[in-house]
2 protein chains.
Amino acid sequence: MGTTDPASPMGRGHTDLDVVLDEVLAARRAERTVMSTSADRAARVVREQVVEGHLRSGTRLPEERLAAALGVSRNTLREALSQLVAERILVREPHRGVVVATPEVADVEDVYRVRRLVEPAALAHGTGHTPARVAAVAAAVTEGREAGARGDWDAVASANQHFHRAVVALAGSPRLDAQMHLLLAEMRLFFHQMGEPRRFHQPYLEENATIADLLGAGDRQGAADRLDTYLTAAQTQLVAAFRDRA
Amino acid sequence: MGTTDPASPMGRGHTDLDVVLDEVLAARRAERTVMSTSADRAARVVREQVVEGHLRSGTRLPEERLAAALGVSRNTLREALSQLVAERILVREPHRGVVVATPEVADVEDVYRVRRLVEPAALAHGTGHTPARVAAVAAAVTEGREAGARGDWDAVASANQHFHRAVVALAGSPRLDAQMHLLLAEMRLFFHQMGEPRRFHQPYLEENATIADLLGAGDRQGAADRLDTYLTAAQTQLVAAFRDRA
DNA sequence: CCCTAAGGATTGTTCAACAATTCTTCAATA
DNA sequence: TATTGAAGAATTGTTGAACAATCCTTAGGG
């Protein structure tokens, strides 16, 4: 995208410049948003530690020590914690502090209730089925297969998430994407609390492939139906495992 | 629900007590959550002012003055603002402060994208269709009709929101309910920015009634289809009005 | 008319403190 | 022994003041 545009008409001679400047300003603003504030960085670190399973469900997060560990003040930390509470990753118990959320069976069921409503609908009726997004679904499938072939189960789990995010992305909605991001973070909490078996995700690789194929062939409703039954099965399996282990 | 249970077996004699005590503790905790902290109260006040249209899109919220007005410290206020930013009601521009979100056409379209995916699905495939919830949908219809009969257009708008919340509630998902709550708050921002005509919602009263009837008759798919076309129409009307006025 | 620099205003962040509440300990008591 | 109660410690909720960093405004200088 030509950032320089010297061949502008000299008559009024400022419209193009303004356009370029606005572009530059927007870019800088976006950049800055990435670096963002200390509070955001702190939130990202804590979020990551929880999602990666290094902070397990139920652990309390004392403000003073945590702030010291993160190198921020207690006030700044509290801003970060507010964010994570809003994301359902942490829970605030008034006057008792924040703890890593400990999901119950009802939470597992509710997350799947949402997923079963949203994901098949995105496949069947999504208004954002661009070739690129359809390709992204297929890409997640091959990513998963390759990971499975080399026995990298963490990568398989990752690819599985990518698959479901790609499915939701077919709706073409930033808001749904954000919501799905939160749901998948919660899912990782489930897995950690129930002691996820290493190969938990493997059986679903082929299901993902089937769905991607149906989607590629233009059979949206078929893909949606398949995903619905698949999600139902996954839910019952997950709830059963959850009841045993947690 | 018998809160006292003196006829418990004396043999081990503590299980029931524990149950009751847990119940009491949970109740107290819920109570406390309602009173909640200063930050939450501040957030609620600002949220209300925005949703009610007293703080219009684009207005900046200087921390010092706002904190003074709310009677809280600047740090506490910042916690509250973090919440509202997470809810998309406010937008934070780094080093420039928070402003009331100014939705664009893309936002209107995206909100409707989500609604058209979720609401019909809740009608057609929702797993929470209890008689009480179905009745709530019908109740929202009569609420709207009565409000319309006496020309109270604010109440009509309110009833319309209740209708759509009741529809989503048919999914039986707390998470979807919360999400819908946010979306409807955003919708009110749209209306305020485009200068909502007083009688905007009236035409949809009869559509709501039709959908409630279909639902009551057990024709879920019919109700869902009807709602889908209705939402599409509402979207185009809204986008057109939005383009003109905003 | 455009550019630049100084000055003012606002945000991002820290620190130190204090009241309110919860948790802990530990002795006294039935 | 198990329960109660109260003093004391620890943590949260909240405040106020401060300071650097950044943004905005405005007044000159080219």
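Throughout, protein chains are lettered first and strands after them, A, B, ... in sequence-line order, and every chain is numbered starting at 1.
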### Query
Is the base of dT13(C) touched by the side chain of Arg74(B) through a donor-acceptor pair closer than 3.5 angstrom?
yes
### Message
Checking Arg165(A) against His181(A): is there a side-chain donor and acceptor pair closer than 3.5 Å?
### Response
yes
### Side chain Arg113(B), main chain Gly172(A), donor-acceptor under 3.5 Å
yes
Grab the [atom1]-[atom2] distance between [X] and [N] for me, whole Å please.
X        : N       : atom1 : atom2 : answer
Arg92(A) : dT22(C) : CZ    : C1'   : 15 Å
Arg41(A) : dG12(C) : CZ    : C1'   : 10 Å
Leu70(B) : dT14(D) : CG    : C1'   : 14 Å
Glu64(B) : dA9(C)  : CD    : P     : 11 Å
Leu77(B) : dT13(C) : CG    : P     : 15 Å
Asn75(A) : dA18(D) : CG    : P     : 16 Å
Glu63(B) : dA17(D) : CD    : P     : 16 Å
Arg60(A) : dT24(C) : CZ    : P     : 8 Å

### Task
Report yes or no: is the cationic atom of Arg115(B) (NZ for Lys, CZ for Arg) under 6.0 Å from the centre of the six-membered ring of Tyr112(B), at an angle within 45° of the ring normal?
yes
Is [X] near enough to [N] that one of its side-chain N or O atoms lies under 4.0 angstrom from OP1 or OP2?
X        : N       : answer
Thr76(B) : dT15(D) : yes
Arg78(B) : dG12(C) : yes
Ser38(B) : dT14(D) : yes
Thr37(A) : dT11(C) : no

### Query
With Phe191(B), which of Phe200(B), Trp153(B), Phe242(B) fulfils ring-ring contact (aromatic ring centres under 6.0 Å, His included)?
Phe200(B)
### Query
Any side-chain heavy atom of Ile89(B) within less than 4.5 Å of one from Glu186(B)?
no
#### Entry: Side chain of His95(A) (C-beta onward), nearest among dG12(C), dT15(D), dT21(C)
dT21(C)
